[in-house]
Amino acid sequence: MSNRVLVEAGFSSFFTKWGDIRPDGVLTDFIPVTEQSTEAGVPFANYIYRGWNAAGSTDQQHATWRASASYVTGTHTLKAGYQAAHMVAKSTTMVGSQISYRFSNGVPNQLTQRLGPSMTSNRTRYHAFFVQDQWTRNKLTVQGGVRYEYAHSYFPEGENGIIEAHRYGPAITFPRTEGVRGYHDITPRMGAAYDVFGNGRTAVKVSVSKYLQSPYNGDSYTINNPGVTFVQTTNRGWNDANRNYVAECDFMNPAANGECQAWSNVNWGNPVQTTTVNPEVLEGWGIRNWDWQFSAGVQQEVLPQTSVEVSYARRWWGNFFVTDNRALRARDYDDVTLIAPQHPELPGGGGYPVRFLARNTNSLLGASDPYFTTTSDFGDETHYWQGVDVTVNTRIRSGLVLQGGTSTGRGVNDTCEIEIARFGRPQRLIGVDQVPDCRYTERWLTTFRGLASYTVPRVDVQVSAIIRSQPAASPGGAVASNGSALSADYQMNARQFTEATGRTFRPGVTSQTVDLLLPGQKYGDRVNGLDMRFAKILRFGSKRTNIGVDLYNLFNMNTPTGYRETFEPANNGARWLQPSNVLLPRFVRLNVQFDF
């Protein structure tokens, strides 16, 4: 627009589709048979033959668009803009034959009736408006911004339910249904940098910002999609008295008739809303998951072309959703204690008490009344991570570049108030001090990374190396964490449960698994590695070619990156902590890059 005003706009979209791969000419209307017994000549029990393995398909589309205008001067930058996205997710499930048989040694004993094909289709959209500003006055630079965002979701007409007529009846789809009716949020972001002495060698920086979980086709946005409420299958016993392998009965009669017994699910063919959704979590201000991020640091030039930066960071999370089973409360669980077995890898060698909850007979084993709501309905919770980073950068006149630093941090989590509200007490207490697993503070963990790069003069050969040493904490998992720690999942059958606790299972329960460790209590071996690169630069006038050799895991380290975490009572954990994955072995990659 001018030398001070810049206008930008853009649009992007991607499409993906996968699943439902049917080979050309495949017969999809054969009646599949599941044979339960190998005495019938099948290679293994529950072998399926004559059947097409129906698989669902997924079709996703994601479009985003944006526009902004900026006003820039030497010391001032102002920007305002708009961002939006429209997300589509469709899942279609074909069924092939709508009836299947089950045999035992060639004798029919059950059939299954299926509805389909079915579809679930979701739409999620957001609109956001923002304004941000940055001012520089003398030695101080200040920046700030604010963003308003509106998000909602819906389920379009005719794309949720049974989408085609079938042998049991017509297509049944729902009209347009609203999901999230409207989330409204305002999020601020701000920061400042101060040149302490005005010579560009010492800077103090601070920033604080609020972020939201991005809208997507899942979680609260799709929890009340009616398309998933159809009961699409029902089983019924089958006595093929005349051995003609044809089920002779009225399939639409739910009662026993002819050769068929009654439907196992009387709701077959009907929409049944199994999860109740708290309407308050589907609209309003400040409902979405959020996290705040704060950082403060000092950067100092300690030598010419060498700087050191030390920074502190803290991140905390809030607004979580939970599906609570309202059919179960504190009275439906008993406190049970076992003594952890003696094992050298357990804390203190084992032998400590582990108290946990086990179902009693006060309610039906399958009692279920799921209720989707926010965790704040049950109490407060704490989730935050904090850490310190130290980074050194240096560039020597000879062309040698060195970078290195450490990152040290830990997470703190406390959800005990919520567990007590739902279960009457913490679900697990470990050790002589009976520490609850819902309240834990991780140990401080440190990651080190270093980089060195040098271009050999005259021969134009680049040599670089990256070294790293990090704790064996699996990425992902819960928030406010360095990564998932190891577990010791003690899996007990009925006899082992009685031997360990002196109690018996309630009728219908066949196994119980209890983790013998607290979260963040035990990690695997540190993961260390060194990668190197050698590259020759060839110049042809204004063009350049880079021919390189990359060496990964130079010392061929075989440190475990995954472990077996099941602690079997039968062998006292003999296979517990056996490596299940190790670092990739040393390998070489050749590459060529042309610059023109």
Undergrad: For F423, is the NZ or CZ atom of R329 found under 6.0 angstrom from the centre of its six-membered ring and inside 45 degrees of the ring axis?
TA: no

Undergrad: Return yes when atom CD of E280 has more than 12 non-hydrogen atoms of other residues, nucleotides or ligands closer than 6.0 Å, and no otherwise.
TA: no

Undergrad: Using ring centroids (six-membered ring only for Trp), state whether Y150 and Y126 fall under 6.0 Å.
TA: no

Undergrad: Assess the residue pair K139 and D195 against the criterion (salt bridge (Lys or Arg N to Asp or Glu O under 4.0 Å)); give the C-alpha distance rounded to whole Å, side-chain angles, the decisive distance to 0.1 Å, and a yes or no.
TA: CA-CA 5 Å; K139 296 184 291 184; D195 184 354; over 6 Å; no

Undergrad: Do any pairs count as a ring pair (Phe, Tyr, Trp, His ring centres under 6.0 Å) and have a residue in residues 190-215, sequence neighbours left out, and if so which ones?
TA: none

Undergrad: Quick check: F230 with F174 (ring centres under 6.0 Å apart)?
TA: yes

Undergrad: Under the salt bridge (Lys or Arg N to Asp or Glu O under 4.0 Å) criterion, do R410 and E442 qualify, and how do the steps go?
TA: CA-CA 5 Å; R410 68 176 183 182; E442 294 179 338; over 6 Å; no

Undergrad: Salt-bridge test for D369 and R326: reply yes if a basic N is under 4.0 Å from a carboxylate O, no otherwise.
TA: yes

Undergrad: Tell me whether the centres of the aromatic rings in Y221 and Y183 are closer together than 6.0 Å.
TA: yes

Undergrad: Assess whether atom CG of N199 is packed by more than 12 heavy atoms of other residues, nucleotides or ligands within 6.0 Å.
TA: yes

Undergrad: Hey, can you pull the donor-acceptor pairs under 3.5 Å for the side chains in residues 4-15, sequence neighbours left out?
TA:
from : atom 1 : to  : atom 2 : distance (Å)
R4   : NH1    : Y71 : OH     : 3.4
S12  : OG     : T64 : OG1    : 2.7
S13  : OG     : H62 : O      : 3.4

Undergrad: Which residues pass the side chain to side chain donor-acceptor pair (under 3.5 Å) test with H383, not counting sequence neighbours?
TA: E381, N413

Undergrad: Considering residues at least two apart in sequence or located in another chain, which fulfil the side chain to side chain donor-acceptor pair (under 3.5 Å) criterion with E419?
TA: Q427

Undergrad: For residues 285-298, which side-chain donor-acceptor pairs fall under 3.5 Å, sequence neighbours excluded?
TA:
from : atom 1 : to   : atom 2 : distance (Å)
R288 : NH1    : E149 : OE2    : 2.9
R288 : NH2    : E149 : OE2    : 3.1
R288 : NH2    : Q213 : O      : 2.7
N289 : ND2    : N319 : O      : 2.1
W290 : NE1    : N319 : OD1    : 3.4
D291 : OD2    : Q293 : NE2    : 3.1
D291 : OD2    : R315 : NE     : 2.9
S295 : OG     : S207 : OG     : 2.8

Undergrad: Could you tell me which residues satisfy side-chain contact (heavy atoms from CB on, under 4.5 Å) with Q273, sequence neighbours excluded, listed by chain and number?
TA: T229

